[in-house]
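Excluded from the calculations below are hydrogen atoms, water molecules and symmetry mates; all remaining heavy atoms, backbone and side chain alike, are included.
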Amino acid sequence: MIEFSNWDIIRNLLLAARWTLALSAIAFLGGGLVGLGIMTMRISSRRYVRTLAKAYIGLFQGTPLILQLFIIFFGLPMLGLRTDAWGTAALGLTFYASAFLGEIWRGGVQAVDKGQWDGSAALGLSWYQQMRLIILPQAFDYVRAPTVGFLVQLIKATAVTSIIGFEELVRVAGVINNATFEPLKVYGFVALIFFLICLPLTLYSRILERKAAQGG
């Protein structure tokens, strides 16, 4: 057994937390970009396009995240596409996030009163102009709180990537625990760090929910 001071444990966990945050940011931004495309497909007037988007969402919402990571990590090399733990984690969480963000944002767009679509069409605006100038600014008020709430879930979901060897908080905690045999302390610190990361976002999400409920 190796002797670690509390500060040694916390310092190493905090260093690992930067990768948790980096992965969360990449997955959120990547998932947001892909999610915009999924949202656009979900509100398309073409049925087959909507069906494709539904199938995509159903696939990534209806299967465990860990299974998706395994398929990417072990499946892509069989097709000649090599990927490491970083690439697999980023790709898997991007797909995962896009399915949820696309559906959240689809709900926000469709919550905008139909009269706004009709009014903007009467002004001669193109579909892109309708979305950019009229619909999305209003939908933004509906989706802010659930989007921030999902970001909290996404940060916690990064813990699953430890199973493929990605060195985020839980992975590093496992290594430290194997050396110290102090699981209660080590994983207690991990839980505390996750809590401190997610708490501000959770509180912000609640503030946004209250504002939305008050029409602000």
Could you see if Ile134 belongs to whatever hydrophobic cluster contains Val112? Use Ile, Leu, Val, Met, Phe, Trp, Tyr and a side-chain cutoff under 4.5 Å.
yes

Between Ala27 and Ala97, what is the shortest heavy-atom contact and its length?
O-CB, 3.7 Å

Gap between atom CD of Glu103 and atom CD of Gln61 - 0.5 Å precision:
6.0 Å

Check whether Val170 and Leu15 end up in the same hydrophobic cluster, where Ile, Leu, Val, Met, Phe, Trp and Tyr are linked by side-chain heavy atoms less than 4.5 Å apart.
no

Rounded to the nearest 0.5 Å, what's the gap from CD1 on Ile176 to CG on Leu13? Could you check?
4.5 Å

Near-ring test Phe60/Tyr96, centroid separation under 6.0 angstrom
no

Decide side-chain contact (heavy atoms from CB on, under 4.5 Å) for Phe166 and Leu93; before the verdict, give the C-alpha distance in whole Å, the side-chain angles of both, and the deciding distance to 0.1 Å.
CA-CA 12 Å; Phe166 182 73; Leu93 283 174; over 6 Å; no

I'd like to check Leu33 versus Leu29 (side-chain heavy atoms, cut-off strictly below 4.5 Å). Are they in contact?
no

Any Trp105 side-chain heavy atom under 4.5 Å of Phe140 side chain
no

Start with the C-alpha gap between Leu101 and Phe28, add the side-chain angles, then the distance that decides, and say whether side-chain contact (heavy atoms from CB on, under 4.5 Å) holds.
CA-CA 9 Å; Leu101 289 176; Phe28 187 70; 4.2 Å; yes

Residue pair Gln138 / Gln116, side-chain donor-acceptor N/O under 3.5 Å
yes

Test question: given the 4.5 Å side-chain rule for I, L, V, M, F, W and Y, name all other residues clustered with Leu67, or answer none.
Ile71

Report yes or no: do Leu65 and Tyr56 belong to one cluster of Ile/Leu/Val/Met/Phe/Trp/Tyr joined by side chain heavy-atom distances under 4.5 Å?
no

Would you please name every residue forming a ring-ring contact (aromatic ring centres under 6.0 Å, His included) with Tyr142, sequence neighbours left out?
none

Under 3.5 Å donor-acceptor pairs involving side-chain atoms of residues 79-87, not counting sequence neighbours:
from  : atom 1 : to    : atom 2 : distance (Å)
Thr83 : OG1    : Thr88 : N      : 3.4
Thr83 : OG1    : Thr88 : OG1    : 3.4
Asp84 : OD1    : Trp86 : N      : 3.3
Asp84 : OD1    : Gly87 : N      : 2.7

Between Phe73 and Ile164, the two heavy atoms sitting closest are CZ-O, 3.9 Å

Between Ile104 and Phe95, is there a shared hydrophobic cluster once you connect ILVMFWY residues whose side-chain heavy atoms come closer than 4.5 Å?
no

Hydrogens and angles aside, do Asn177 and Lys185 bring a side-chain donor and acceptor to less than 3.5 Å of each other?
no

So Phe70 and Ile163, do their side chains get closer than 4.5 Å, heavy atoms only?
yes

So OG1 of Thr158 and CD1 of Ile197: to nearest 0.5 Å the spacing works out to 8.0 Å

Under the salt bridge (charged side-chain N to carboxylate O under 4.0 Å, His left out) test, which residues partner Glu167, sequence neighbours left out?
none

Distance-minimising heavy-atom pair for Leu69 and Gly92
CD2-CA, 4.0 Å

Does the side chain of Trp127 come within less than 4.5 Å of Thr40's, by heavy atoms?
yes

Look up atom CD1 in Ile135 and atom CE in Met131, then write down how far apart they are to the nearest 0.5 Å.
7.0 Å

Enumerate donor-acceptor pairs with a distance under 3.5 Å from any side-chain N or O in residues 188-196 to protein atoms, sequence neighbours excluded.
none

Show every salt bridge (Lys or Arg N to Asp or Glu O under 4.0 Å) that has at least one partner inside residues 110-119, sequence neighbours left out.
Lys114-Asp118

Distance check, rounded to the nearest 0.5 Å: Ser24 atom OG versus Lys156 atom NZ?
12.0 Å

By salt bridge (charged side-chain N to carboxylate O under 4.0 Å, His left out) - contacts of Arg171 (at least two apart):
none

Within this structure, what is the CG-CZ distance for the pair Leu151 and Phe100, rounded to the nearest 0.5 Å?
14.0 Å

Working for side-chain contact (heavy atoms from CB on, under 4.5 Å), residues Val186 and Phe4
CA-CA 10 Å; Val186 174; Phe4 277 74; over 6 Å; no

Run the side-chain hydrogen bond (donor to acceptor under 3.5 Å, both in side chains) test against Gln110 and tell me which residues pass, sequence neighbours left out.
Arg106

For Glu209, the side-chain hydrogen bond (donor to acceptor under 3.5 Å, both in side chains) test, sequence neighbours excluded, returns none

Hey, does Leu91 have a side-chain heavy atom less than 4.5 Å from the side chain of Leu76?
yes

For residues Met39 and Met41: do they belong to one hydrophobic cluster (side chain heavy atoms under 4.5 Å, members Ile, Leu, Val, Met, Phe, Trp, Tyr)?
no

Test side chain to side chain contact (heavy atoms under 4.5 Å, CB included) applied to Glu168 and Leu21, Thr161, Val160, the passing residue:
Thr161

Identify all side-chain donor-acceptor contacts of residues 200-207 below 3.5 Å with residues at least two apart in sequence or on another chain.
from   : atom 1 : to     : atom 2 : distance (Å)
Thr202 : OG1    : Cys198 : O      : 2.9
Ser205 : OG     : Ala145 : O      : 3.2

Looking only at non-hydrogen atoms, find the nearest pair between Val143 and Gly108 and report the distance.
CG1-CA, 3.5 Å

Validation row: Leu169, Arg18 side chains within 4.5 angstrom (heavy atoms)
no

Of all residues at least two apart in sequence or in a different chain, which pass the salt bridge (charged side-chain N to carboxylate O under 4.0 Å, His left out) check with Arg11?
Asp8

Taking distance alone, no hydrogens or angles, what donor-acceptor pairs closer than 3.5 Å link side-chain atoms of residues 45-55 to residues at least two apart or in another chain?
from  : atom 1 : to    : atom 2 : distance (Å)
Arg50 : NH1    : Ser44 : O      : 2.9
Arg50 : NH1    : Ser45 : O      : 3.4
Thr51 : OG1    : Arg47 : O      : 2.9

State, to 0.1 Å, how close Glu182 and Ile9 come at their nearest heavy-atom pair, and which atoms those are.
OE1-CD1, 4.5 Å

Establish, from distance only, whether the side-chain atoms of Ser120 and Gln129 form a donor-acceptor pair under 3.5 Å.
no

